[in-house]
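Bear in mind the structure is a predicted one, so any value in this text is a computation, not a measurement.
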Amino acid sequence: MKIKRILKWSALAILLILFAWFEFAYWTSTNDCDQKTGAPTHPMKAIRYCEYGPPDEVLKLEQAEKPVPNDNQILVRIRAVSLRFFDGGMLQGGVGRLVFGLRKPKNTTPGSDFSGTVETVGSNVTEFKPGDEVFGVRAGALAEYICVTASRAVVLKPGNVTFEQAASIPTALVALQGLRDTARVKARQKVLINGASGGVGTFAVQIAKAMGAEVTGVCSTHNVDLVKSLGADHVIDYTKEDFTKSDQHYDVIYDLVNNRSFAERRRVLKPDGICVLAGVGGSGMRKETFFNLAGSLTAALRSKFSKEKFVMFGVDINKKDLGVLRDLTESGKIAPALTKTYPLTETAAAYNYLETGHASGKIAITIE
């Protein structure tokens, strides 16, 4: 009995400590919006959000202080920013609060995938010079200017694409690493892309083809022509045909939707095939998002007891692979499927479209 009482009171104490920590972390969660500052000395335009909520309510176009690069940074004049599937979820908060700030967002300028022109360079920077056109990844990109560490995720822009297209290229890191490093795709293998018309899926189709695979894309009727134009050998319209009931078997399923059961997907995998769990279906956070995520976790665990493997992976944003994507773009092996562009003044509209969960290709915001 004494041991039970000790365990009971220990558990209660732990819960109280966790509750107190959460309350402290929540109420001390703040951002630079709370700081009283005067008018910027060197103003630039930037999108900011100080609170979580719907795009129309929280996104504001404001004047901010133009940043100054340190010795190891470059100052980039942003020309375009593309949206990722999770960007809308950042605005709404939800479970993302654990990462982005419990009560308020820590980083008040959204956006990360950018392209632009180098304006100035730090004294230690030798790789870039003023006037270079670049693209890369850096939090807080929805602004006229941003400082980026030269040795990190930024590389020279391909000369054969626009700034808007270049800003969408970093999304392809998910496709490149999932197909190359996790699935280890080889020439003549059969690869199925579930969610082939989305931001990542459009790149996955092209990258799998560049690897010499026979590619089947799964999408809706509206996007069949788009996926065909990307080079898919076969396209399945999921409104008319269920790929899990086909007689075809695949070496790799690259699944960006995760709306099929473990058994259904396993049925169309070849023995020792692999299903790469690369997404949870569309952008934003909706009811089905959590079910799809739970399905991914369950499938990964169940596959430990089967020949067919279901594997989740995390993307590594790095300079080397951005360079690989630049080379693939310059050689014409991949081309960004940019389907919509918005001016900076219509950023909220871009986020609202993203949040429908049915956006095809990539969405870019231009900054003039």
Is it true that atom CG of Asp316 has more than 12 heavy atoms of other residues, nucleotides or ligands lying nearer than 6.0 Å?
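Atom CG in Asp316 is crowded, with more than 12 foreign heavy atoms closer than 6.0 Å.
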
NE2/His249: more than 12 non-hydrogen atoms of other groups inside 6.0 Å
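Yes - once you tally the heavy atoms of other residues, nucleotides and ligands closer than 6.0 Å, there are more than 12.
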
Give the intermediate values and the outcome of side chain to side chain contact (heavy atoms under 4.5 Å, CB included) for residues Thr117 and Val76.
CA-CA 5 Å; Thr117 306; Val76 179; 6.0 Å; no

Could you tell me whether Arg267 atom CZ has more than 12 heavy atoms of other residues or ligands within 6.0 Å of it?
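More than 12 within 6.0 Å, yes.
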
Determine whether the side chains of Lys45 and Gln63 contain a donor N or O and an acceptor N or O closer than 3.5 Å.
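Lys45 vs Gln63: no donor-acceptor pair found between side chains.
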
I would like to know whether Leu91 and Tyr49 meet side chain to side chain contact (heavy atoms under 4.5 Å, CB included); could you show each step before the answer?
CA-CA 8 Å; Leu91 296 190; Tyr49 72 117; 3.7 Å; yes

Between Asn318 and Asp321, is there a donor-acceptor pair closer than 3.5 Å when you use the side chain of the first and the backbone of the second?
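Judged by distance alone, yes, a pair lies under 3.5 Å.
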
Applying salt bridge (Lys or Arg N to Asp or Glu O under 4.0 Å), which residue pairs with at least one partner in residues 107-134 are found, sequence neighbours left out?
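Those involving residues 107-134 are Lys66-Glu119, Arg84-Asp113, Glu127-Lys319, Lys129-Asp132, Glu133-Lys157.
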
Check the side chains of Asp237 and Thr221 for a donor-acceptor pair under 3.5 angstrom, ignoring hydrogens and angles.
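Note: Thr221 and Asp237 side chains meet the donor-acceptor criterion.
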
Is it the case that Lys270 places NZ or CZ above or below the six-membered ring of Tyr250, under 6.0 angstrom from the centre and within 45 degrees of the axis?
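Verdict for Tyr250: no cation-pi partner in Lys270.
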
Applying ring pair (Phe, Tyr, Trp, His ring centres under 6.0 Å) as the test, list every pair that has at least one member in residues 300-344; sequence neighbours left out.
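Ring pair (Phe, Tyr, Trp, His ring centres under 6.0 Å) check on residues 300-344 returns Phe262-Phe310.
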
Determine whether Ile47 and Pro110 make a side-chain contact, defined as any pair of heavy atoms from C-beta on separated by less than 4.5 Å.
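In short, these two side chains touch, coming nearer than 4.5 Å.
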
With a 3.5 Å distance limit and no angle check, can you tell me whether Thr171 reaches the backbone of Val200 through a side-chain donor-acceptor pair?
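Such a contact is absent between Thr171 side chain and Val200 backbone.
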
Are any of the side-chain nitrogens in Asp233 or Lys209 under 4.0 Å away from the carboxylate oxygens of its partner?
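Yes, this pair counts.
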
Whether Ser82 side chain and Ala167 backbone form a donor-acceptor pair below 3.5 Å
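The answer is yes, because a donor-acceptor pair under 3.5 Å joins these two groups.
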
Under 3.5 Å, is there a donor on one side chain and an acceptor on the other for Asn160 and Glu330?
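Their side chains do not contain a donor-acceptor pair, so the 3.5 Å distance test is not met.
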
Atom CZ of residue position Arg77 - does it have more than 12 heavy atoms of other residues, nucleotides or ligands inside 6.0 Å?
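Correct, the count exceeds 12.
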
Could you tell me if His234 and Gln248 have a donor-acceptor pair between their side chains, going purely by distance under 3.5 Å?
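Gln248 vs His234: no donor-acceptor pair found between side chains.
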
